Every structure is written in structure tokens, then in C-alpha cells.
Asks: 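First the structure, which I've put down as C-alpha cells, then a few questions once you've had a look.
Values below: all heavy atoms of this structure, side chains included; hydrogens, waters and symmetry mates excluded. Note that this is a predicted model, so its numbers are computed, not measured. A note on names: the letters A, B, ... follow the listed sequences, proteins ahead of strands, and every chain is numbered from 1.
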Amino acid sequence: MTAPDLVVIGAGALGAATAYYATRSGLSVEVLERGAIVSGTTSACEGNLLVSDKEAGPELDLSLYSNQLWNGELAEHGDLWEFEAKGGLVVASSPAGATGLTELATRQRAAGIVVEDVPVDRVPEYEPHLTRDISGAAFYPQDCQVQPMLMAAHLLRMAREAGAVVRTGVTVTGFLRDGDRVTGVRTDQGDVPAGHVVNAAGTWAGQIAELAGVEVPVLPRRGFILITEPLPKTVFHKVYAGEYVASTQSSDESLQTSTVIEGSASGTILIGSSRERVGFDRTVSLPALREIAGKALRLYPSLAGVNVMRSYFGFRPYCPDHLPVIGLDPRAPGLAHAAGHEGAGIGLSVGSAKLLIQQITGAEPELDLAPFAPERFALREAA
Amino acid sequence: MTELDLTLDGRPISARPGQSVGAALTDAGVVAWRTTRRNGRPRGLFCGIGVCFDCLVTVDGVPNQRACLVTARDGMKLETGDE
Amino acid sequence: MSETYDVAVVGAGPAGLAAAVTAAEQGLRVVLVDAGRQPGGQFWRHPDESVPSTDESRGQHQWRRFTGLRDRLRALESRGSVTRIAGHQVWFLEPVAGAGAYALHLTPTVASEKTPGVPALVTAVRLVLCPGGYDRQLPIPGWDLPGVMAAGGVQALLKGHRSLAGKRAVVAGTGPFLFPVAAGLAEAGAKVVAVCEAGSPAGWARTPGGAVAVPSKALEAFEYAAVFARHRIPLRTRTVITRISGADRVESVRLGRLDSGGRLTGLARADLEVDLVATGWGFTPSMELVTALGAATRVDVDQSLVAVVDAWQRTDVDRVWVAGEATGVGGALLAVAEGELAGFAVGRDAGRPVPDGGTRRLQRVIRRGRAFARAMHRAHPIPAGWRDWLEPETTLCRCEEVTVGEVCAARDTLGATDARTVKLLARPGMGWCQGRVCGFAAAALAVPPGRDLTAADLAPMSRRTLAAPISLADLAGDDHG
Ligand SMILES: Cc1cc2nc3c(=O)[nH]c(=O)nc-3n(C[C@H](O)[C@H](O)[C@H](O)COP(=O)(O)OP(=O)(O)OC[C@H]3O[C@@H](n4cnc5c(N)ncnc54)[C@H](O)[C@@H]3O)c2cc1C
Ligand SMILES: Cc1cc2nc3c(=O)[nH]c(=O)nc-3n(C[C@H](O)[C@H](O)[C@H](O)COP(=O)(O)OP(=O)(O)OC[C@H]3O[C@@H](n4cnc5c(N)ncnc54)[C@H](O)[C@@H]3O)c2cc1C
Ligand code: FES
């Protein structure tokens, strides 16, 4: 058997999208996943594809690039992963919050985002059940939604149908080297040589990088989600509290929650979410669940009697500068990373993967990958 | 023993004191009082002990109550529904 | 906050009742929480006690055992040794950090039946979990029609409400529990057209001494034989229902014959006309409280996920004991013995002198009961061919209306290799019941045919962060508003 052009470590959103775009470029691919497919953070998140929660900058550019893919070349598959371009309504609950929202919208418009100001008295037209007690609102028609596990599983399926091999229950334990160059991986089930290796190990990408002797600081940031009983349609768009943007960008260690509410195709309402830096602590935190519930009720007081059926949590893979790591790693030629997308890895997966494959195949990436360079942390430290 | 008078979508249903709403409906020959979300299929009691949630019914305006667990009370208004 | 109890017992079925009274009689302060409004659990479910009745014990077995336990419970309650919280579910269970205690968060089982004065939270130093279980189900084409009920549910209607779920019934599945259900239906006036037992009586022969080891069981069996004879109930072994038909409710069932290996060999020529199907494949324990604490689990002989306990019913989690069905399905009397032993064990843990002879006797009873249960499970396995009569359109998950075909597609087309992934991709177990009904079958369909189920296969369908639904307002608690 000849070595594949690409070995991808991890079968989450990033690994799946990478495998998909690699096969589209004619590369031979082998995906190695230690658990089952989509067993990592991709199965413990919401499927928001957001532009609204991002400040102008490289992440927003990547987000808009991905947004074009979701609505463009991938649109034909949208039904497979419950794609819905439902738009997002961001609401501010104080006059100061409303001012902040307006200012954010101005910066975002300059960066190419479509933002519609929604006068407070017109909010019920968007969300009839939302509290009337708000000070400002803005509508983001580009915000979309997918079912993330279906999305990743179908991308993997299409990659397999194009010749990719997906092996589950295989743990990467080290790298094959030829001098500096990475020439494949060691696994608990034997060596796999490869032209290039892509580290798409999500929150565990830092550990994989370490195996290759390079530092990529990806850390876990825990988040809880609540799922309600199925209801007749109550929440029509994605609805977030204005402080959400601040919270995604914050580096605070302690429990933070900001409200994101959306209806799902199955009738349930997903209510997120919390952010906490507690390592890989798997105990269910009641204070986090309580705070999420309390804040959701401030936006939707009429949901008070609605039952929560379950909750789940995941560990967002985040980097200290809140930007993902995408690209070839000059410190270990042959190794590339596509990881560390924090709370936006679903939305950013396809853009990240497509750009990475462009870089690996020697094409000019359609978007500059420099802000996401894997070696940026070491360079900054040295400076 | 005095019977309790309930209604299901306005139609009278009687119950013995202490019976569950689900038992009263069963005695009245009603086997389904809800239709499913996806396929619109009729549902009533299945597990009988509060585990399966098949028997959901609106009781005095409160939706999604388990009929097998709710105790019948005089004057109770039950409504069929779409879950 | 109110006092921290010496012990909290969850479940007031045979196991929990015995545990609570035993612990309290040793001087421990006990809180007994149960989802039901009356003690008794599933086995001793009985009509509303507040309504005067002369036939409370109708259809019951070992009723004196129950009234004995109930009398002791009432006495202890009136002395203030036991606080009984009925009609409430534990929706969340957690250790209290640094306090050496457990917190049990409670919610009314029925939203409109809030009892004034019941706290939202109780704490206790020790925990005895006796959550029991429910009927285990396998999908059958048409099993989502009204008129198809869990065998236990049919029994619950009879015992608890004196309601008869149908006039012409077929009772089907496997296990000795089919007998009391059929007998109960017949005694209440229904025509039982057949009892279909997938296993064969020869199964018991494989385990010499199985049934006679527990005399009360043999006695019960004779009783059922008499009822069956009196009502001319045909018992058909190695027989299963392969299809349930009807427009808006059950109208008929088709029967199939199994060979000695549990594979379908042929179909009956004519369908049976019925208006009630009572079905169950043994029981499966309620495991969410056990797994919430991270206690060790294993797969029992009957392929149920159960708690691992030592000779004193103790789990590997500090100060947590489990008794009853959750340590392995084995019937009410075994549950009582386990509960009693757990009651002594918590007493011993609290430094109370414990009668050596008594506990040794209980341990013997439990060993014998376990051996009996193993023999029973071996005689009543899930038939190897249970997938043979499924069709792609057969509903697997009743809540989310996920079909067998959709689950198989998640496995075969999308690459799911385990129950968790099947659940994520096709949604079985994601609905109201959170996999309590379809969890076993979904896990079994997720793994390649022929491979035995492991604890890792079953756990994802048994773990539930919330043990019961809780309203957003109650979840928000004090933070709300
Ligand atoms: C509560 C919450 C809400 C979120 N909401 C959103 C949202 O609305 N929108 C959005 O875009 N994003 C959201 N996210 C973020 C998103 O889930 C992640 O960014 C994304 O899933 C990361 O995908 P990934 O493929 O990088 O990682 P993962 O899905 O974790 O995949 C990495 C895989 O690598 C495997 N692996 C690790 N080590 C090894 C090894 N040694 N060998 C082999 N395999 C290995 C793992 O098993 C895992 O399957 C949310 C996250 C959380 C926690
Ligand atoms: C519907 C049904 C009917 C049955 N009928 C018979 C019969 O007629 N004859 C027979 O031999 N066997 C019968 N069985 C089997 C019988 O239930 C068991 O053998 C016996 O009851 C086991 O006792 P237990 O104490 O372990 O559990 P159970 O009797 O099941 O008691 C467990 C108790 O715990 C409570 N509970 C569980 N979780 C929580 C929670 N989170 N919060 C609060 N409370 C909780 C339950 O409501 C229940 O009251 C039946 C089983 C079922 C499911
Ligand atoms: S019949 Fe199952 S919950 Fe009521």
C-alpha cells in the first residue's frame, strides 16, 4: 500500500472538512480518530455559523469566507445537515448595551457584514415571544445553523466515497521523522507514513503538537448547553444577548454565561452557554446550568414552565489570542494544523480546511493565513 | 363511591377517586389523546409508570403532563394535542 | 438550609422501603424520596390509600411483607425518624464539595401536584439508591399503535387503578413476569387469547434447581398455572409477535415461531384479533442516578447495565449503596433483602452495632436470589433473531420517531460505530424519555450483529445529566429574575 498524501488526525468538524477538501483536490487521505467519528467537541456544541459575534479582524474574514462556502458550493448538501439560513437577532437589555451594539454594528458593516437595525417596537415581528423589556436590537441575516454531527459525518462520507480511508479507534502516539521533516505518524496500531500530516485534534491538538516537538497552545474552555422539551415553534431566529460578543472574546477563567437561544429542527430549544476554564473537568456544574437558565428566562420569560430535558457540555479548543491555528508549521515541515477554533469551529471548519488544502497543495490561499500561523505564539514570546 | 367528572376536549369523562387521568381515559375506552410531531400518529399510554412520556396531555391548560401520573380531580379539563 | 440527614434513600419500592426502615430502626435519621405518591414501588403498586377500600391486596403477592414494612415506616415517620418525601423526583444528584455529604435536588413528579413545604433540596451523609427499573422493550413493527403497552404498564393500571387496558389481550415477550400480567388481565375480565413466551420451558431445565431454590417463586408458579387453567389461557412458547396491525389502534397481531436458537422459523397462518398487546422483555434498571455519581457498572447476564456492589451493597463511590433492580434485575424479594442489608450497612458505617447473624442470613438470601436470577435470565434471553422481524420502516425510537432503517443508515452509511454516535446522527434516545424505552435496542442495533453488548455500549443510553425533566424556572432557582 502506498502512503497517503495526507494523514488527518481527528474526525471532528475540522478533520472531516480537511478530508473533504483534500479529496476534492485529488489528494489521497487517511483519517485517524482515536474514538468514534465526531466523538470530540463537535458532538458537544451548537451548530451556529455566526458572523454576528465577531469583531472586525481575521476571524471575521475567515467567518465570511466560510459563510460563502456554506451558502455557495456546499449549499446543495444543506439538507443533509439541516442547514438553515435563519439569521440572528442580537438584543441589548440596557441603554449602554444598545449603544455598544450600534457601535459594533458600525465596525462590522465596514468589514462587510450585513446588519439591520431593528427598532425596539419591531422586535416582536421577529420574535413574538421575546421579552419587550429590551433597549436595542440588530438583525444579522447571514447567521446560519447546521446540525454539526451530521455535517461532519456527511463530509467524511463524501470524502470516503472519493477514496479517503477513515479509521476509528486508532490513537496517534507519535510522529515518523526524517530529520526535521514529519513523514507520518505512529499509532497504537502501527505506523502510517504520509506526505503531510494535519493535526485536527481539536482541544487535544496541543498534545499532538507536543508529540511533534512544537508548541501550539490549545486549551480547554468548558461550556454547557440546555435542551428543552420539543415545543411548537417559539424561537424563530438565533437570539443572543448583546454581551455574548464580549464573552466569546474574554479570557476570564471564572464562570461566564451569555445567552444564545435557538430552535432546532426537532422542536427542542437549545439554550447556551457557559464558558469556564476548568481543564477537562467532567463534573456537571449546577451553578452553570442555573445561570444559563436564569438568563434565558430574562429574554424569554414565557418559557418559565418549559421543561429542560437534558444538558451536555464540551471543551472548546481555544488559543490565548482567541484565533485558530491553521497552516503548515515551519518548525516541523510536513506537519500542518487545523485546530483551536474555540466556540466557532463548526462555522469556520470548511473555510479553514479549504484554505489549508490550498496551502498544502502549493496554491495561493484565497485568504491570508498569516494571522493563524502556528508559530505565531513562539515568535511573540521571542519578541 | 362518588365519581369525579372530567372533560376531554369538552366531552365528559368520569373517574374514580384516586385514579390517574390515564386510567380514567382507559376506562372510558379512549386509547389515544395525542398525535406525534413527525408523523402525526396517535398515542396514549405505553409504559404506564411515567417513563416513556407517550401519554402527554394538556391538563387545565398546562401542556405535556403525563396522564399516567396525574391524579384525576373533579372538574379537570383535559385536552388532546400535538405534543 | 435544613438538616443533613444520616442517610437518603431514593425509591420507596421493595428495596428502598426495606433500606429506609432498617436504617431508621437503628437510630439513623432517614429521608426517603420517591417519585410515586405512595410507597410500594412497582411491585406493590396499589390504589390510592386515601380512598377507603376493602380489597387493597387484590392482585398482590407478598402483601403482608408490604404492609409490615409500611406499618414500620408509618411508625418511624410519626416518631420523626423518617422523613418521607413522596411525589418528588430526584432530578440532580451531586456530592457537596468539602461537606462529606450528597445533595439531592427535587422536583414534583407532576407539576400541578406540588406539596407545600417540600424543599427543593435535601442533603444526606449517605446514599442508598433504590431506583428500580422499567420494562425492557424491543421494537416490533406496529408497536407504536395505541393499545400496545408495556406489560408492566398493563399491570400498573390493574394494581394501581383497577383499570383494564383491553378486552382481548395478547401478552408477549419473555420472562416470568408475563404470567402475573396475563393472570391479572384474565381475573379482571379480559380474554387473554395467548401468552407468547419467546423462550422455552426447557430453558429452566438447563439450570437445575433454579426455580425450586426460591420456594415462594415455585408457589407463585402453581398459582398462575391454576389461573391459566381456569381461564383457558393458551401458553405458546418459542413464539413471538412479528407484526402488530391496525389503523389507529391495535386490531391484530401476527405470531412467529422460533427455533431453539431463537431464530424465526415460520409465521402463524392466521393473525390473532386483539385490542391489547402487553409486551416486555424482562426489566432494565434505572441507572441515571448511579452513573451520575460515577459508580462502577457492569453488564449483567440479561445484558442490562447494572451497578457493581460488594457483599454489603456498597458501590465504589464513597458512602453510596445500591439495592434492588439497579444491582441486577432479580425480583421484589431479592430487592427487599438487598434493601435490608443496605440498611444495616449504612448503620454499620455510622457506627451502629449490627446483628451479625441477621446480616449473614441476608447475604445468604441474596446469594441464592442472585443465582435464581441468573438462571431466570438464562432461560429468558432476548432471542437471537429479534432483528429478523424488523423492517426498515419500523419505529425504533418512539419519541423522535426514528426508524430502524435510519439507525442502520447512521451505522452503515455515515460510519457510526457505537451507540453514542448512532444517537448523535439519527436521534434515537434524544426525545422525551431520553432513551429509557429504546436505549437497549438502539445500542444493540448500533453494534455489529453477533457482538455482545459492553458497558461502554450501554452507558451512553443510560447516562442522563438530568434524571428527570425540570422546568427552566425551577432550574434557574434563586438566580431567576
Ligand atoms: C458548548 C459549546 C458550544 C459551541 N457552539 C458552537 C457553535 O454554535 N458554532 C460553532 O461553530 N462552534 C461551536 N462550538 C465550538 C466547536 O464545537 C468546536 O470549535 C469544534 O467542534 C472543534 O472541532 P474539531 O474538529 O477541531 O475538534 P473535535 O471535534 O474535538 O475533534 C478532534 C478529534 O480528535 C481526536 N483526537 C484527539 N487526540 C487524538 C489522538 N491522539 N489520536 C487520534 N485522534 C485524536 C478526538 O477524539 C476528536 O474526535 C461550541 C463548543 C462548545 C463546547
Ligand atoms: C411497571 C412494572 C410493574 C411490575 N409489576 C410486577 C408484578 O406485578 N410482579 C412482579 O413480580 N414484579 C413486577 N415488577 C418487577 C418489580 O418491579 C421489581 O421486581 C421490584 O419492584 C423491584 O423493587 P425495587 O425496589 O428495586 O424497585 P421499584 O419497585 O421499581 O422501586 C423503585 C422506586 O424508585 C423510584 N425512583 C426511581 N428513580 C427515582 C428518582 N430519580 N427520584 C425519585 N424516585 C425515583 C420509582 O418511582 C420507584 O417507586 C414490575 C415492574 C415494573 C416496571
Ligand atoms: S404511559 Fe409512559 S409516561 Fe405515561
Asks: Specify the closest pair of heavy atoms between B:C47 and C:A150, including all atoms of both residues, with the distance to one decimal.
Replies: CA-CB, 3.9 Å
Asks: Below 4.5 Å from any heavy atom of chain B, which atoms of C:V437 appear? Answer side chain, backbone, both or neither.
Replies: side chain
Asks: If only atom types and distance count, is the side chain of C:R162 paired as donor or acceptor with the main-chain N or O of B:R16 below 3.5 Å?
Replies: no
Asks: Which one of C:Q42, C:R436, C:Q155, C:K167 has the most heavy-atom pairs closer than 4.5 Å to chain B?
Replies: C:Q42
Asks: Using a cut-off of under 4.5 Å for heavy-atom pairs, which of B:G50, B:G22, B:P42 has the most such pairs with chain C?
Replies: B:P42
Asks: Given heavy-atom pairs under 4.5 angstrom as the criterion, report whether the side chain, backbone, both or neither of B:V51 touches chain C.
Replies: both
Asks: Any donor and acceptor pair, going by atom type alone, linking the side chain of B:R66 with main-chain N or O of C:T109 inside 3.5 Å?
Replies: yes
Asks: What residue, out of B:V62, B:T26, B:I49, has the most heavy-atom pairs lying under 4.5 Å from chain C?
Replies: B:I49
Asks: So do the side chains of B:Q19 and C:D48 get within less than 4.5 Å of each other, counting heavy atoms only?
Replies: no
Asks: Based on non-hydrogen pairs under 4.5 Å, which of C:V148, C:T279, C:D275 is most in contact with chain B?
Replies: C:V148
Asks: Measure distances from C:L157 to the heavy atoms of chain B and classify the residue's part below 4.5 Å as side chain, backbone, both or neither.
Replies: side chain
Asks: Quick one: of C:E400, C:H161, C:E113, who has the most non-hydrogen atom pairs under 4.5 Å with chain B?
Replies: C:H161
Asks: Could you state the interatomic distance from SG (C:C399) to CZ (B:R38), rounded to the nearest 0.5 Å?
Replies: 13.0 Å
Asks: At their closest point, which heavy atom of C:C433 faces which heavy atom of B:F53, and how far apart are they?
Replies: CA-CD1, 3.9 Å
Asks: How about CD on C:E273, more than 12 heavy atoms from neighbouring residues, nucleotides or ligands closer than 6.0 Å, or not?
Replies: no
Asks: So what's closer than 4.5 Å to chain B heavy atoms on C:A156: side chain, backbone, both or neither?
Replies: side chain
Asks: In the structure I gave you, are the side-chain heavy atoms of B:T71 and C:R37 within less than 4.5 Å of one another anywhere?
Replies: yes
Asks: Can you tell which part of C:R249 gets under 4.5 Å to a heavy atom of chain B, answering side chain, backbone, both or neither?
Replies: side chain
Asks: Do any N or O atoms from the side chain of C:E401 and from the backbone of B:N39 form a donor-acceptor pair under 3.5 angstrom?
Replies: yes
Asks: Top residue by heavy-atom pair count (under 4.5 Å) with chain B, among C:M149, C:E49, C:R398, C:Q137?
Replies: C:R398
Asks: Looking at CH2 of C:W432 and CG of B:N64, how far apart are the two atoms once the value is rounded to the nearest 0.5 Å?
Replies: 4.5 Å
Asks: Please classify the contact between C:D144 and chain B as side chain, backbone, both or neither, with a heavy-atom cut-off of under 4.5 Å.
Replies: both
Asks: Quick one: which of B:G18, B:A24, B:G48 has the most heavy-atom pairs under 4.5 Å with chain C, could you say?
Replies: B:G18
